[in-house]
Amino acid sequence: MTSAPLSVGFRSERGPILIALMLATGLIAIDSTILATAVPSVVADLGDFTQFPWLFSIYLLAQAVSVPIYSKLSDTVGRKPIILVGIGLFLLGSILCGFAWSMPALIAFRAVQGLGAGAVLPTSITIVGDLYSLAERAKVQGYIASVWAISSVVGPALGGVFSQFVSWRWIFFVNIPLCVIAGWRLIRSFHEKIEPRRHRIDYAGAVTLTIALTAIILALLEGGQAWAWNSVPSFAAFGIGAVALIAFVLIEQRAAEPIIPLGIFTRRLIVTTTFISLGVGAILIGLTSYVPTYLETTLGVVPIVSGLAVAALTLGWPISAALAGRLYLRIGFRSTVLIGITITVLGAIGVTLVAPHPNTLLIALSCFVIGFGLGWVAAPSLIAAQSSVAWGERGVVTGTNMFARSAGSAVGVAVFGAIANSIIAASPGGETDKTAVADAATAVFLAVTVAAALTVIAALAMPRASARDLEYVAPAEETAGP
């Protein structure tokens with residue numbers, strides 16, 4: 001492992017790499033909020049309102065499936081080539097999305113973006129874990145959190161401005177300079193040494209995992225819409241997904257270098273933090289996907305205003321995340337996460353109670369509380385898992401955690417979409433019926449509250465040990481990574 005220089009910050013030895021990682025993280029951070037505010041404009045231009053959840057679910061599905069593969073490769077061929085491939089794919093997907101001529105085309109191109117995001121975010125976080133110690137990560141968290149704070153305002157604002165005054169297509173074109181700058185800085189600043197050796201890629205595991213997730217997401221999203229829940233297509237999709245998941249587990253047990261080593265799930269810390277990440281993913285997507293459409297339809301607010309309401313969610317997050325480092329070093333990861341998830345549940349209850357009586361300010365305030373709670377949950381739980389393993393497993397563990405968040409979001413958007421679409425479809429006015437949209441949003445926010453409550457259980461099951469006691473200590477004879 002790289003020896004630790006004297007300080008943490010832009011002027012330190014690792015400063016240029018930190019800047020490059022912040023730029024790379026900014027790509028995903030802005031993308032997570034910029035599209036939600038433009039959904040009504042996209043639908044008005046391309047049509048197919050019932051398909052808009054796929055703009056999020058296909059992105060998340062591609063990200064979820066690719067994360068374990070990229071993470072495993074980063075432990076074998078190195079972090080740098082993987083993150084550069086991710087930036088390249090994200091750039092290509094952004095250009096294609098900007099020129100999309102129909103909703104199906106836009107959905108397909110969002111998948112390309114998702115494949116890029118699947119490499120960028122987890123690899124960036126893994127590199128931070130490589131370069132900085134547990135105590136240093138508490139400080140670096142503040143820098144990374146600032147990216148999300150800036151993006152939480154810039155993303156929705158840009159999405160609202162582009163969709164209202166220019167064109168929604170510019171929400172994708174704005175990624176072009178960011179991708180170019182981030183890639184250039186990483187090429188110049190980040191250098192690593194990897195000992196070359198032969199590896200066996202688990203293609204069978206990757207294929208079966210892709211089939212399983214695709215079938216399950218399709219069944220959840222189209223159930224009750226394209227076909228009835230108790231129909232042959234519904235049973236077939238769920239059945240294929242279940243069989244593929246069983247096959248995936250069997251393959252992983254025998255694979256020489258499995259995509260997701262099942263042995264890591266024998267560790268209590270890894271299991272609990274993975275379930276926490278699932279919950280975080282579901283909570284996030286339920287709010288970022290439905291708050292803008294809910295406010296714009298029920299209250300008639302302009303996209304930039306609905307975007308700022310979502311920004312409150314992603315603004316509260318980095319504020320608490322920047323402070324979480326000091327807290328988990330003092331009281332431990334478990335206690336920090338429990339504080340955060342309790343705040344999140346209270347915020348989710350708040351947004352559910354407000355939803356039947358639309359009020360932009362109260363919705364934004366509830367979103368801020370939820371984001372503030374999640375800041376104490378997401379980063380500490382990930383750092384806990386990351387710190388407990390050696391360099392050779394850090395990519396896989398980080399990838400597993402990020403995969404769980406993506407999978408939680410992918411399944412969440414499918415479930416929430418099924419709930420919302422079934423309520424809206426039952427209304428004669430459809431998506432133009434303000435009452436139906438308010439009822440659908442209320443049901444979605446209630447489901448988000450349930451997801452937050454279930455995440456509390458996983459937090460309670462985390463080990464009670466201190467942060468220092470959970471940190472991996474390499475044996476003296478162990479050869480470290482780069």
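Every heavy atom of this structure was used, including side-chain atoms; hydrogens, water molecules and symmetry mates were not.
At least one side-chain heavy atom of V42 sits less than 4.5 Å from a side-chain heavy atom of M103. Counting heavy atoms from C-beta outward, R110 and F172 have side chains that approach closer than 4.5 Å. Using a 4.5 Å heavy-atom cutoff, the side chains of L186 and L21 are in contact. Put simply, the side chain of I419 does not reach to within 4.5 Å of the side chain of L446, judged on heavy atoms. Between F275 and I457 the shortest side-chain heavy-atom distance does not fall below 4.5 Å.
In this structure, the side chain of T273 engages the main chain of I270 through a donor-acceptor pair within 3.5 Å. Side-chain atoms of S277 come within 3.5 Å of backbone N or O of N401 as a donor-acceptor pair. Here the side chain of Q386 pairs no donor or acceptor atom with the backbone of V128 at under 3.5 angstrom. R169 contributes a side-chain N or O that, together with a main-chain N or O of A100, makes up a donor-acceptor pair within less than 3.5 Å. Checked by atom type and distance alone, the side chain of Y70 pairs as donor or acceptor with a backbone atom of L115 at under 3.5 Å. The backbone N or O of N230 sits nowhere less than 3.5 Å from a side-chain atom of S234 that would complete a donor-acceptor pair.
A side-chain contact (heavy atoms from CB on, under 4.5 Å) with I211 is found for one member of L209, V207, T208 and no other, namely V207.
The two residues A440 and I424 come nearest to each other via the heavy atoms CB-CG1, 4.0 Å. Closest heavy-atom contact between L295 and A309: CD1-CB, 3.6 Å. Smallest separation of non-hydrogen atoms from V437 and Y294: CG1-CA, 4.1 Å. Taking each heavy atom of M462 and I276 in turn, the nearest pair found is SD-CD1, 3.6 Å. Across all non-hydrogen atoms, the minimal contact from G183 to L84 is O-CD2, 3.9 Å. Across all non-hydrogen atoms, the minimal contact from P292 to T288 is CD-O, 3.5 Å.
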Mind listing the side-chain donor-acceptor pairs of residues 362-376 below 3.5 Å, one per line with the distance, residues two or more places apart or on another chain?
residue: S366; atom: OG; partner: L362; partner atom: O; Å: 3.0
residue: W376; atom: NE1; partner: F372; partner atom: O; Å: 3.4

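For the atom pair OG of S381 and CG of L269, the computed distance is 9.0 Å after rounding to the nearest 0.5 Å. Here the CG-OG1 distance, from L454 to T449, works out to 11.0 Å after rounding to the nearest 0.5 Å. Atom CD in Q113 sits 10.0 Å away from atom CG in L27 (nearest 0.5 Å). Once rounded to the nearest 0.5 Å, the distance linking CG of N175 with SG of C97 reads 9.0 Å. The line from OG1 of T336 to CG of L329 is 8.5 Å long, rounded to the nearest 0.5 Å. One finds the CD1 atom of I343 at 7.0 Å from the CD1 atom of I339 (value rounded to the nearest 0.5 Å).
Not a single salt bridge (charged side-chain N to carboxylate O under 4.0 Å, His left out) links R334 to another residue, sequence neighbours left out. Looking at residues two or more places apart in sequence or on another chain, you find no side-chain hydrogen bond (donor to acceptor under 3.5 Å, both in side chains) involving N359.
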